[in-house]
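Written below as structure tokens is the structure these notes are about.
Quick caveat, the model's predicted, so the values are computed rather than measured.
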Amino acid sequence: MNMRSVIGVTALVMGVVACGGQSTPEQVTAPAPSAQAPALTKNKTVAAPTGSPAVDIASLNACEIVTPQEAATIIGGKLLNEPPAGFPNCAYVVEVDGTTESYRISFSAPAMHEALLETQSDAERGESIAGLWNEAHVQSRAPESGYSLVALRRGKIALEVWGDRKEPLIELARLAVSRVP
């Protein structure tokens with residue numbers, strides 16, 4: 001990604017954060033009927049349907065959506081510790097065949113991820129994963145080991161999953177996505 005793209009995305013995110021990501025009721029206008037259908041951008045991503053309310057991210061608890069025991073089963077190992085309480089994200093540390101693996105699930109507002117995807121090429125986005133909301137991409141976490149996945153329900157919610165192996169990471173994402181309204 002070039003520096004102008006990074007600066008543009010940063011400015012966009014800062015603007016959304018500064019404004020609270022919301023508009024006043026006077027600023028909301030009904031879309032024209034032709035604007036209600038999803039539109040493809042130059043990078044072939046689907047725009048969010050207008051008027052759809054965002055998910056209340058603060059009400060989500062990742063450790064309740066995918067329990068530590070469910071995560072250990074999906075990962076294929078023994079849970080080494082209970083994730084700390086009181087956080088919206090959840091970290092799972094699991095022993096698998098004598099090694100330690102870690103995975104993390106978190107939910108966030110989608111605006112930053114949507115803006116970032118608009119600036120990335122298909123190669124920069126990583127491997128597309130079907131069946132996870134509007135779109136999902138998994139990629140290697142270079143220079144570190146492991147993978148990261150971002151799934152988007154455009155205009156509503158983003159799911160991020162990090163982990164050591166790609167297959168369990170995708171299955172954790174599938175379970176989380178299936179349980180979020």
Side-chain angles (χ1 to χ4, degrees), residues 6 9-10 12-23 38 41 43 45-75 79-94 101-120 124-141 144 146-181:
V6 172
V9 169
T10 302
L12 176 66
V13 171
M14 290 174 65
V16 169
V17 171
C19 294
Q22 301 177 1
S23 60
T41 65
N43 283 331
T45 56
V46 178
T50 57
S52 58
V55 174
D56 180 14
I57 307 299
S59 70
L60 299 176
N61 181 324
C63 286
E64 291 174 1
I65 293 169
V66 177
T67 68
Q69 283 307 96
E70 290 172 321
T73 300
I74 289 169
I75 297 164
L79 189 65
L80 293 178
N81 69 326
E82 286 294 321
F87 295 98
N89 63 359
C90 196
Y92 313 97
V93 180
V94 178
E101 294 184 9
S102 62
Y103 295 81
R104 187 174 77 152
I105 294 177
S106 67
F107 296 95
S108 61
M112 179 184 71
H113 297 288
E114 291 171 358
L116 183 60
L117 287 172
E118 293 300 319
T119 66
Q120 292 178 320
E124 289 172 318
R125 290 179 183 174
E127 177 186 349
S128 180
I129 305 296
L132 297 176
W133 291 332
N134 297 116
E135 68 181 291
H137 303 276
V138 65
Q139 57 184 251
S140 178
R141 290 185 318 204
E144 301 173 25
Y147 297 87
S148 64
L149 178 143
V150 172
L152 283 175
R153 186 185 293 168
R154 287 190 167 267
K156 291 188 175 198
I157 190 170
L159 165 70
E160 298 176 81
V161 184
W162 297 267
D164 290 317
R165 289 182 292 131
K166 185 166 71 170
E167 294 77 16
L169 174 123
I170 293 169
E171 291 309 310
L172 289 169
R174 287 192 195 289
L175 181 59
V177 163
S178 75
R179 292 183 173 170
V180 174

For [X] and [Y], which heavy atoms make the closest approach, and how far apart are they?
| X | Y | value |
| --- | --- | --- |
| K166 | Y147 | N-CD1, 3.5 Å |
| L169 | G163 | CD1-N, 3.2 Å |
| P168 | I74 | O-CG2, 3.8 Å |
| A176 | L159 | CB-CD2, 4.1 Å |
| W133 | R153 | NE1-NH2, 3.0 Å |
| L175 | S178 | O-OG, 2.7 Å |

Does the side-chain contact (heavy atoms from CB on, under 4.5 Å) test come out yes or no for V150 and R125, once each step is laid out? CA-CA 9 Å; V150 172; R125 290 179 183 174; over 6 Å; no

Name all residues meeting the side-chain contact (heavy atoms from CB on, under 4.5 Å) criterion together with [X]; count only those two or more places apart in sequence or in a different chain, and write none if there are none.
| X | value |
| --- | --- |
| S102 | V93, D164 |
| Q139 | S148 |
| A136 | I129, L132, A151 |
| S108 | H113, A158, E160 |

With a 3.5 Å cut-off and sequence neighbours excluded, list the donor-acceptor pairs that the side chains of residues 81-92 form with protein atoms.
| unit_1 | atom_1 | unit_2 | atom_2 | d |
| --- | --- | --- | --- | --- |
| Y92 | OH | V66 | O | 2.6 |

Side chains of E135 and L117 in contact at under 4.5 Å (non-hydrogen atoms):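 Yes. Closest side-chain heavy atoms under 4.5 Å.
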
Side chains of E114 and M112: closer than 4.5 Å at any heavy-atom pair? no

After noting the C-alpha distance and the side-chain angles of I65 and F107, does the key distance pass the side-chain contact (heavy atoms from CB on, under 4.5 Å) rule? CA-CA 11 Å; I65 293 169; F107 296 95; 3.6 Å; yes

Checking R179 now: which residues fulfil side-chain hydrogen bond (donor to acceptor under 3.5 Å, both in side chains) with it, not counting sequence neighbours?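 With neighbours one apart ignored, the set is E70.
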
Could you list the residues that satisfy side-chain hydrogen bond (donor to acceptor under 3.5 Å, both in side chains) with E101, not counting sequence neighbours? Y103, R165

Using the salt bridge (charged side-chain N to carboxylate O under 4.0 Å, His left out) rule, collect all pairs that involve residues 59-69, keeping only residues at least two apart or in two chains. none

Considering residues at least two apart in sequence or located in another chain, which fulfil the salt bridge (charged side-chain N to carboxylate O under 4.0 Å, His left out) criterion with R174? E171

Go through the steps for I157 and V180 under the test side-chain contact (heavy atoms from CB on, under 4.5 Å), then give the verdict. CA-CA 10 Å; I157 190 170; V180 174; 4.0 Å; yes

Distance (rounded to the nearest 0.5 Å) between E167 CD and I75 CD1: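 Answer for the CD-CD1 pair, E167 versus I75, is 12.5 Å.
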
Rounded to the nearest 0.5 Å, how far apart are CG of L149 and CG of L172?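 Answer rounded to 0.5 Å: 10.0 Å.
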
Would I170 and V161 count as a side-chain contact (heavy atoms from CB on, under 4.5 Å) here? Give the steps. CA-CA 8 Å; I170 293 169; V161 184; over 6 Å; no

R154 side chain to N134 backbone, donor-acceptor under 3.5 Å: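 Looks like no, no N/O pair under 3.5 Å.
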
Under the side chain to side chain contact (heavy atoms under 4.5 Å, CB included) test against S59, which residue among D56, I57, N61 passes?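 The single option meeting the side chain to side chain contact (heavy atoms under 4.5 Å, CB included) with S59 is D56.
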
